[in-house]
Amino acid sequence: MDNVEEILDKLEKQHPDARCELYHNTPFQLLVATVLSAQSTDKSVNKVTVGLFEEYPDLDSFITLEIGDIEDKIRKIGLYKNKSRSIYNICRVLKSDFDGMVPCGEKELMSLPGVGRKTASVVRAVAFGIPAFAVDTHVFRVTRRIGLTEAKTPDKVSDDLMKLIPEDRWILSHHLFIFHGRRICKAKNPLCAECMVFEECMKIGL
DNA sequence: AACTCGGGGCA
DNA sequence: TGCCCAGAGTT
């Protein structure tokens, strides 16, 4: 794969507005926002977190909230019961096991309730600048179709992308793949006629 | 590997 | 209305 830069350039041209839309100011806020973003769009998550972080900016204020309080504040997001319980328990684990700080280790992050491989990658990359390429369903589908990787598991896809793509473009390309996955390279009924990297497509699952 | 959770967004 | 979703946990 020697035309990675070319593919990224095309995608950047197709999605000039691609960027991280998740609202956060601190590692703790990013962790909360990312947990809330599972199976929900960043836009709907932001509608909740902007006001929430205004009133409860950090762990010390969050830990005063009961599960029911959190449910009331994030009810607009899907899966809000699971997510409220996760946030509630995360606050207590951070207090008791991590001295009130957000850990930067993959194993430590994934030990937190509601934090899986994808959320851990995002927190590591965005909050701590640790080399990690978050692979969600869109990144997995798009990069495999475009032929950037033939790996069959998210972890191996992540490894391949980190080798292929220069580290300073990981964050941007991550969002390019997600935007492309949502707008053009959809799982079902993709808009191939509008796709600027159709020539490279391996047509997996089409 | 296959299920479940769930309100919003969108056709 | 009905279908899908910027995942994670459980079986």
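A note on names: the letters A, B, ... follow the listed sequences, proteins ahead of strands, and every chain is numbered from 1.
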A.B. asks: Do the charged groups of A/Glu150 and A/Lys156 touch, with an N to O distance under 4.0 Å?
C.D. replies: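 Salt bridge absent between A/Glu150 and A/Lys156.
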A.B. asks: Checking all strands, does A/Lys81 fall into the base, sugar-phosphate, or nothing category for heavy-atom contacts under 4.0 angstrom?
C.D. replies: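 The residue A/Lys81 makes sugar-phosphate contact but no base contact.
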A.B. asks: What's A/Arg75 touching, base or sugar-phosphate or nothing? Going by heavy atoms closer than 4.0 Å.
C.D. replies: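 Touches sugar-phosphate only.
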A.B. asks: Check this for me: does any side-chain nitrogen of one of A/Arg183 and A/Glu194 sit under 4.0 Å from a carboxylate oxygen of the other?
C.D. replies: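 Between A/Glu194 and A/Arg183 there is no salt bridge, as every charged N stays at least 4.0 Å from the carboxylate O atoms.
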A.B. asks: To the nearest Å, how far apart are A/Tyr80 OH and B/dT4 P?
C.D. replies: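 In whole Å, B/dT4 P and A/Tyr80 OH are 19 Å from each other.
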A.B. asks: Looking only at atom C1', what distance separates B/dG7 and C/dT10, rounded to whole Å?
C.D. replies: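 22 Å, rounded to whole Å.
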A.B. asks: Under 3.5 Å between N/O atoms: give me all the protein pairs with nucleotides 9-11 of chain C, atom names plus distance.
C.D. replies:
from, atom 1, to, atom 2, distance (Å)
C/dG9, OP1, A/Gly114, N, 2.8

A.B. asks: Between B/dC5, C/dG7, C/dC5, which nucleotide gets closest to the side-chain atoms of A/Ala187?
C.D. replies: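 Closest nucleotide among those given: C/dC5.
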A.B. asks: Can you measure A/Leu31 atom CG to C/dA8 atom P for me and round it to whole angstrom units?
C.D. replies: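 So the two atoms are 12 Å apart, to the nearest Å.
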A.B. asks: Mind calculating the distance between CG (A/Leu191) and P (B/dA11) to the nearest angstrom?
C.D. replies: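 So the CG-P distance, A/Leu191 to B/dA11, works out to 11 Å.
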A.B. asks: If you find the nucleotide of DNA chain B closest to A/Lys47 and the one closest to A/Ser40, which residue's nucleotide is nearer the 5' end?
C.D. replies: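 Nearer the 5' end of the strand: A/Ser40.
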A.B. asks: Figure out the CZ/C1' separation between A/Phe140 and B/dA1, and round it to whole Å.
C.D. replies: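 A/Phe140 atom CZ is separated from B/dA1 atom C1' by 13 Å.
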A.B. asks: What's A/Ser37 touching, base or sugar-phosphate or nothing? Going by heavy atoms closer than 4.0 Å.
C.D. replies: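 Sugar-phosphate: the residue A/Ser37, judged by heavy atoms under 4.0 Å, touches backbone atoms but no base.
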A.B. asks: Under 4.0 Å: is that the gap between some side-chain N or O of A/Gln39 and OP1 or OP2 of C/dG7?
C.D. replies: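 Result: yes.
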A.B. asks: Quick one: A/Lys73 NZ to B/dG7 P, roughly how many Å, whole number?
C.D. replies: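 Spelled out: NZ on A/Lys73 to P on B/dG7 is 19 Å.
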A.B. asks: I'd like to know if A/Asp60 pairs up with A/Lys95 as an ion pair, taking the criterion as any Lys NZ or Arg NE/NH1/NH2 lying under 4.0 Å from an Asp or Glu carboxylate oxygen.
C.D. replies: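 Answer for the salt bridge query: yes.
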A.B. asks: Are A/Asp42 and A/Lys47 within salt-bridge range, i.e. N to O under 4.0 Å?
C.D. replies: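 No, no charged N to carboxylate O under 4.0 Å.
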A.B. asks: Salt-bridge test for A/Glu200 and A/Lys10: reply yes if a basic N is under 4.0 Å from a carboxylate O, no otherwise.
C.D. replies: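 Result for this pair is yes, salt bridge flagged.
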A.B. asks: Whole-Å distance between B/dC5 P and A/Ile74 CD1?
C.D. replies: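 About 17 Å, once rounded to whole Å.
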A.B. asks: If you group Ile, Leu, Val, Met, Phe, Trp and Tyr whenever their side-chain heavy atoms sit less than 4.5 Å apart, what else falls in with A/Ile204?
C.D. replies: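 Grouped by the 4.5 Å side-chain rule, A/Met202 form the rest of the cluster around A/Ile204.
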A.B. asks: Base, sugar-phosphate alone, or nothing: which one does A/Thr119 contact when heavy atoms must sit under 4.0 Å apart?
C.D. replies: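 It contacts sugar-phosphate atoms only.
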A.B. asks: Write down the distance between NZ (A/Lys188) and P (C/dG2), rounded to a whole number of angstrom.
C.D. replies: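 Result: 17 Å.
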A.B. asks: If the plane angle is over 60° it's perpendicular, under 30° parallel, otherwise tilted; pick one for A/Phe133 and A/Phe177.
C.D. replies: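 Ring orientation of A/Phe133 relative to A/Phe177: tilted.
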A.B. asks: Specify the separation, in whole Å, of atom CZ of A/Arg183 and atom C1' of C/dC4.
C.D. replies: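 Computing the A/Arg183:CZ to C/dC4:C1' distance gives 18 Å.
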A.B. asks: Roughly how many Å apart are B/dG6 and C/dT11, using the P atom of each and rounding to a whole number?
C.D. replies: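 Here C/dT11 and B/dG6 have their P atoms 16 Å from each other.
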A.B. asks: Using a heavy-atom cut-off of under 4.0 Å over every strand shown, decide if A/Thr34 touches base, sugar-phosphate, or nothing.
C.D. replies: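 Nothing: the residue A/Thr34, judged by heavy atoms under 4.0 Å, touches no strand.
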A.B. asks: Counting only side-chain N and O atoms of A/Lys118, is one of them less than 4.0 Å from OP1 or OP2 of C/dA8?
C.D. replies: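 Answer no for this pair, as no side-chain N or O of A/Lys118 is under 4.0 Å from OP1 or OP2.
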A.B. asks: Looking at A/Arg117 and A/Asp136, is any side-chain nitrogen of the basic one under 4.0 Å from a carboxylate oxygen of the acidic one?
C.D. replies: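 Answer for the salt bridge query: no.
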A.B. asks: Classify the nucleic acid contact of A/Lys83 as base, sugar-phosphate or nothing, counting any heavy atom under 4.0 Å across all strands shown.
C.D. replies: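 Result for A/Lys83 = nothing.
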A.B. asks: Mind checking the P distance from C/dG7 to B/dC10? Whole angstroms is fine.
C.D. replies: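 Going atom to atom, P in each nucleotide, I get 16 Å.
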